[in-house]
Structure formats: C-alpha cells, structure tokens
Amino acid sequence: MIKATDIIHISPKAFWDVDMSKLDYEKQADYIIRKVFEHGSWDDILEVTAYYGNEKIGKTLTTATYLRENTQFFASLFINTPIQQFKCFTTKQYHPVQ
C-alpha cells in the first residue's frame, strides 16, 4: 500500500507545532491545505496542489472560516477566484481603532 507521505513531500516549515508523522492526509486534508497556504513554502503549495487537485484546494480555501488577509489575496490569485467568494473575506469583522 502506498502512503500519502510516499507521494507528497511537504517541508516541516508549516508544521512546526505538530508531529508530521501523525498527519492523516485524507482525514485532515483541509487542515493541511490551510496550514501550507498560511505558512508553507512555494514548493509546499505546489505539492499539496498536485496531491489534492485544484478543485479540492479551491473548495478548502474558499470555505475556510479564517485565513490571514495576505493569504486570502494570494489564494484568490492562485486559484483564480474573486476574493469576494472567500467565506473568511465576507465574514471578517472590522475593529476600528479608537
């Protein structure tokens, strides 16, 4: 049986806080995709995209409840989807400085 780790090679850069050997690449796909887009390298992003496919990447990123603002803008360009279609963009709360 081929394991996901035999196919996908992600650097530990985005996963400094978890034991990567315990990641379940199927059950935790959304978590892995968000972590890589938030903290991973360009090569990591290309790896998860090749592994999960454009459709899964797009669905995960557009339905995420939170992504940093710069990640939202990057992801919007990367998956060629208007930022207004990102859940985390349309539901963000503004806190005016007083």
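Below, each value reflects all heavy atoms present in this structure, side chains not excepted, and no hydrogens, waters or symmetry copies.
- Residue pairs that meet the salt bridge (charged side-chain N to carboxylate O under 4.0 Å, His left out) test with at least one member in residues 10-23, sequence neighbours left out, are D17-K35.
- Interatomic distance, CD of E69 versus SG of C88, reported as 10.0 Å (0.5 Å rounding).
- Grouping the Ile, Leu, Val, Met, Phe, Trp and Tyr side chains by contacts below 4.5 angstrom, directly or via other members, places W42 with I8.
- In this structure a side-chain-to-backbone donor-acceptor pair under 3.5 Å is missing from R34 to T60.
- Rounding to the nearest 0.5 angstrom, the gap separating the CE atom in M20 from the OH atom in Y25 is 4.5 Å.
- Put simply, Y31 and Y66 are part of two different groups of oily side chains (I, L, V, M, F, W, Y) that touch within less than 4.5 Å, one to the next.
- Under the rule for a side chain to side chain donor-acceptor pair (under 3.5 Å), Q28 has no partner lying at least two apart in sequence or in another chain.
- Pairs engaging residues 42-62 under the salt bridge (charged side-chain N to carboxylate O under 4.0 Å, His left out) rule: D30-K56 [sequence neighbours left out].
- The OH atom of Y51 sits 4.0 Å away from the CD atom of E26 when rounded to the nearest 0.5 Å.
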Pair L61-F37, side chain to side chain contact (heavy atoms under 4.5 Å, CB included): steps then yes or no:
CA-CA 9 Å; L61 295 174; F37 271 79; 3.8 Å; yes
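- F15 is listed as a side-chain neighbour of L23, based on a closest heavy-atom distance under 4.5 Å.
- Contact detail for E38 and T71: the closest heavy-atom pair is OE1-OG1, 2.6 Å.
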Which pairs would a plain distance check flag for residues 76-86, meaning a side-chain donor or acceptor within less than 3.5 Å of a matching protein atom at least two apart in sequence or in another chain?
residue	atom	partner	partner atom	Å
S76	OG	T81	O	2.5
S76	OG	I83	N	3.4
T81	OG1	I79	O	3.2

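- Among residues two or more places apart in sequence or in another chain, the side chain to side chain donor-acceptor pair (under 3.5 Å) test is passed with T49 by none.
- Side-chain contact between I32 and I10: present, with at least one pair of heavy atoms (C-beta onward) separated by less than 4.5 Å.
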